[in-house]
Structure formats: C-alpha cells, structure tokens
Amino acid sequence: MAWDRNQMAARAAQELQDGMYVNLGIGIPTLVSNYIPDGIDVTLQSENGMLGMGPFPTEDEIDADLINAGKQTITEMDRTSYFGSDQSFAMIRGGKIAMAILGAMEVAENGDLANWMIPGKLIKGMGGAMDLVAGVGRVVVVMDHANKRGESKLLKKCTLPLTGTGVVDRIITNLGVLDVVEGGLKIVELADGVTEEELRANTEAALV
Amino acid sequence: MKKVYDSAAAAVEGILFDGMFIASGGFGLCGIPELLIEAIRDNGVKDLTIASNNAGVDEFGLGLLLQTRQVKKMLSSYVGENDLFMQQYLSGELEIEFNPQGTLAERMRAGGAGIPGFYTKTGVGTVIAEGKEEKEFDGERYILERGIVADISIVKAWKADEQGNLMFRKTARNFNPAAATCGKICVAEVEEIVPTGSLDPDKIHLPGIYVNRLIQGQHEKRIEQRTIRAA
C-alpha cells in the first residue's frame, strides 16, 4: 500500500494555508487544486501571466487567449488579474509567491533539485522552474519515491543537471512526507500502510 | 509618421537581414505573432537568432521557421512541444541557449529599459551560471544576466490605435510587452486597429512609443492543449 497520484495531491493540498498565493507545477501538482481544504482560500498563480486561475472550461467557455503554464485551456475567476511575463516573474523572484508545489526527477538530501533535463535524452528546458525555486517562500516537491527502474529518487547527490541548490523544503512521495533538515531528510509522515522500514529501504538519501 | 501597414509582408519589408536577432512575444501558441512569422518565412531571411519562450509546434508558430531551416539559434526556456526542434538540435543544425523563463522575460525588459545587465538568484549553482559573473549581496549569491536588445521584435496584441498604443487580452499578453520594448524596431500585429482616440488611455497596456510598425489581420489562434471539464 502507498498513496496514489490523487492521494499525493490531496496530501500536498494540506500544505496550503489561508491567504496564500501559490504556484502549482505540471502533473500531480496540478491535481492539488482539486483538494484545497474547506475554509482555506488560496490564489493560484500561472507564470504565463495570471493570478486567480480558475478551473478548466466547459466546451462553450474555451478561449484561445486563456491558458495556463501547461498550455491547457482554463477559465478566469472574479479575483483574476492578468500581467506580462516580466511582471509574473518579478512577483516570483521578489518572494511574493508563498509556495510552489512542483514535480521532480531527483531531490538530494541537501535540498538540491533536478527536474528539467536528462542529458542526451530529454531536452525540453526548465521553463519557469529555476525562477520559482529560487524565488518563492517554500518549495514542496511531489513525486514518486522511486523511478521506473525502482531506484530511489531521493539521493545523496543529484546525478542530473540541477534546477536549484538547497531549495527544497518538503517532499511528498507515494511512500510518505519528508523534510529537508540539517544533515539529511527527516520522515514527517508515512503513507497509508507504509512502514518506516519500507520507506528507509527505498531511500538512498541520509535519513535523520 | 504612419505606423499602419497593409500587410505582414509590407510591415517587415526592408528590416530583415541574414544573421539578424529577433525577439518574439508569445507563450506556447498563445499570443504569438503568427502573421509576422509567416511573413518572415516567406521573406526567406536566414541564419536567424530568435529569443522566444517557446519554439512553436512543428506546423505552426516559430516551428514554420524551423521547417524552412531559417533559424540558427534559439534563446528559449521550453521547447518540449516541438519534435522538429529536437531533431535539428540533436543533428547539430540548431543551437539552443536555454534561459530560465523569468530570466528571459527580464532580459527583454531590461534591454528595452536601457539596462545592460542585472543580478538574479535564478540559476545559481546550475549550468545556467557557468561562465557568468557571480556576486554576493547581503549574504546571498546572484549571477549577472545581460539585457537583450534585438534587431527587431515581433509581437501580437488584441487591439491597437493608429498610434500603436496596444491592449492585450488575458494570458495572450505574456512575453509580448517585454519583447516589444527590446527590439530596435518593433512590429506588432493586432486583431483590430481602431481610430486614435477610441481607446481609454488608462487601459493601454503598452504605449505606442515602443511600436514602429503595425498591421491588422485574421488570427487562427490555435490551441495547444484543449482541456475541458464536464458541463
């Protein structure tokens, strides 16, 4: 037993606090918006130039001029504002966005993050990820604990090109929740049905 | 001086040359200057360096200039939607300089604002920092990034008046204002040009001082990821 994608997203949604401006990455992080707890009011930022991102549109509401950072069609809300990319990243770099929840390929025990390229294989680019991890108040990574070959993605040292150094605060995986602390990662919570031994056995990074 | 031109071809006439540097607005396929890109393709100018967040898709947007092999180098943050890009990059035909998205936007803004360089935390300790000056401010490390000044910039807006004052619409604004400012000559395409005086001066997003040439045209506005919820 472990958490599935939706359970990981639901757990990540518990990180949200009332009044926060938050940026959600592509993939599982996008699902977090489905699980915003009752009584918590957050404003979602889309780095292509929007605050107050609404849900996906109905067929009738589709507007080619209204997309999110994953290039998906979306809708606006009463609170929505639009701005240019330069201002969007000014608010990111300027520390106005409280938290980013994003995916990762690797996280190291010192909080280093790699999520933008695999040399010789995957050459897509970092998009806004480097700016986000350098600028926002808190970085929460949501990812599977192991890669497709069953190897730990929580490493002593990242092997892939970095997105940022020492930037990750918390990691939510299918096996549990870990914080980046002095000396390594600290287990905060175990996923349903997962034992501490199981999580330890699947983690290369130092656990303190 | 008259800024309004009859066609995209006329608007780029006399300002294109081989080896030039073009800055383009747009995010994905949203808010891209699709008519001017076609005009640049039809002109045949080559060895272009293009600063644009993305490189379009194979059949649309800047992908059209990859098809015709008019592009030598791209400055972009994300090129994942374009297979042709990947092929040309892997075969060594095309160079890419990856720029973090916010760094690319700020490089355009800075270049247009007469700022030759700025320090940013973005990319510190990564390959992006290689070869760049690093400096510490208040105990934190920053790298020096350069402002971009392009030979021309091409942008898409929603409405303009005859003075080139521009209004954008929703997330189609994206890189367009910053790109507009960083071109020595800026060419803008819009959905509608209205008589001077008919836009509310308080609602103009980009003043016409930045816009040199202007065209009105029909836009396809292709959608990359049509995502819907149940009604």
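Below, chain A is the first sequence line, B the second, and so on; all start at residue 1.
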Tell me, side chain or backbone of [X] under 4.5 Å from chain B's heavy atoms, or both, or neither?
X: A114(A); value: neither
X: E47(A); value: both
X: D112(A); value: neither
X: T163(A); value: backbone

For G125(B) against T165(A), the heavy-atom pair lying closest together: O-CG2, 3.6 Å
Which heavy atom of A64(A) sits nearest a heavy atom of K221(B), and at what distance? CB-O, 3.4 Å
So which of P57(A), G164(A), G49(A), G84(A) has the largest heavy-atom pair count under 4.5 angstrom toward chain B? P57(A)
Interchain contact, [X] with chain A, by part (heavy-atom threshold 4.5 Å):
X: N99(B); answer: backbone
X: L90(B); answer: side chain
X: R109(B); answer: side chain
X: I96(B); answer: neither
X: V124(B); answer: backbone
X: F85(B); answer: neither

Do [X] and [Y] have side chains that get closer than 4.5 Å, going by heavy atoms?
X: F27(B); Y: I67(A); value: yes
X: M50(A); Y: R173(B); value: no
X: T73(A); Y: Q225(B); value: no
X: D63(A); Y: R169(B); value: yes
X: M117(A); Y: V127(B); value: no

Among L29(B), T126(B), N53(B), who wins on heavy-atom pairs under 4.5 Å with chain A? T126(B)
For the interface with chain A, which of N174(B), I128(B), I223(B) has the highest count of heavy-atom pairs at distances below 4.5 Å? N174(B)
If you measure from [atom1] on [X] to [atom2] on [Y], what distance do you get to the nearest 0.5 Å?
X: T58(A); Y: I228(B); atom1: OG1; atom2: CD1; result: 8.0 Å
X: D86(A); Y: T181(B); atom1: CG; atom2: OG1; result: 7.5 Å
X: T75(A); Y: K170(B); atom1: OG1; atom2: NZ; result: 10.0 Å
X: Q72(A); Y: R226(B); atom1: CD; atom2: CZ; result: 13.0 Å
X: Q87(A); Y: E106(B); atom1: CD; atom2: CD; result: 11.0 Å

Quick one: ring pair (Phe, Tyr, Trp, His ring centres under 6.0 Å) partners of F98(B), sequence neighbours excluded? W116(A)
Enumerate donor-acceptor pairs with a distance under 3.5 Å from any side-chain N or O in residues 128-140 of chain A to protein atoms, sequence neighbours excluded.
{"from": "D131(A)", "atom 1": "OD1", "to": "G102(B)", "atom 2": "N", "distance (Å)": "3.3"}
{"from": "D131(A)", "atom 1": "OD1", "to": "T103(B)", "atom 2": "N", "distance (Å)": "3.3"}
{"from": "D131(A)", "atom 1": "OD1", "to": "T122(B)", "atom 2": "OG1", "distance (Å)": "3.3"}
{"from": "D131(A)", "atom 1": "OD2", "to": "Q101(B)", "atom 2": "N", "distance (Å)": "3.2"}
{"from": "D131(A)", "atom 1": "OD2", "to": "G102(B)", "atom 2": "N", "distance (Å)": "2.9"}
{"from": "R138(A)", "atom 1": "NH2", "to": "E15(A)", "atom 2": "OE1", "distance (Å)": "3.1"}

Is it the case that atom [atom1] in [X] sees more than 12 heavy atoms from other parts of the structure closer than 6.0 Å?
X: Y21(A); atom1: OH; answer: no
X: Y142(B); atom1: OH; answer: yes
X: K156(A); atom1: NZ; answer: yes
X: Q218(B); atom1: CD; answer: no
X: I209(B); atom1: CD1; answer: no
X: E136(B); atom1: CD; answer: yes
X: R79(A); atom1: CZ; answer: yes

On the six-membered ring of Y78(B), is K124(A) placed so that its NZ or CZ lies under 6.0 angstrom from the centre and within 45° of the ring axis? no
Let me see the working for V57(B) and K71(A) under side chain to side chain contact (heavy atoms under 4.5 Å, CB included), right down to the final yes or no. CA-CA 12 Å; V57(B) 294; K71(A) 283 103 180 176; over 6 Å; no
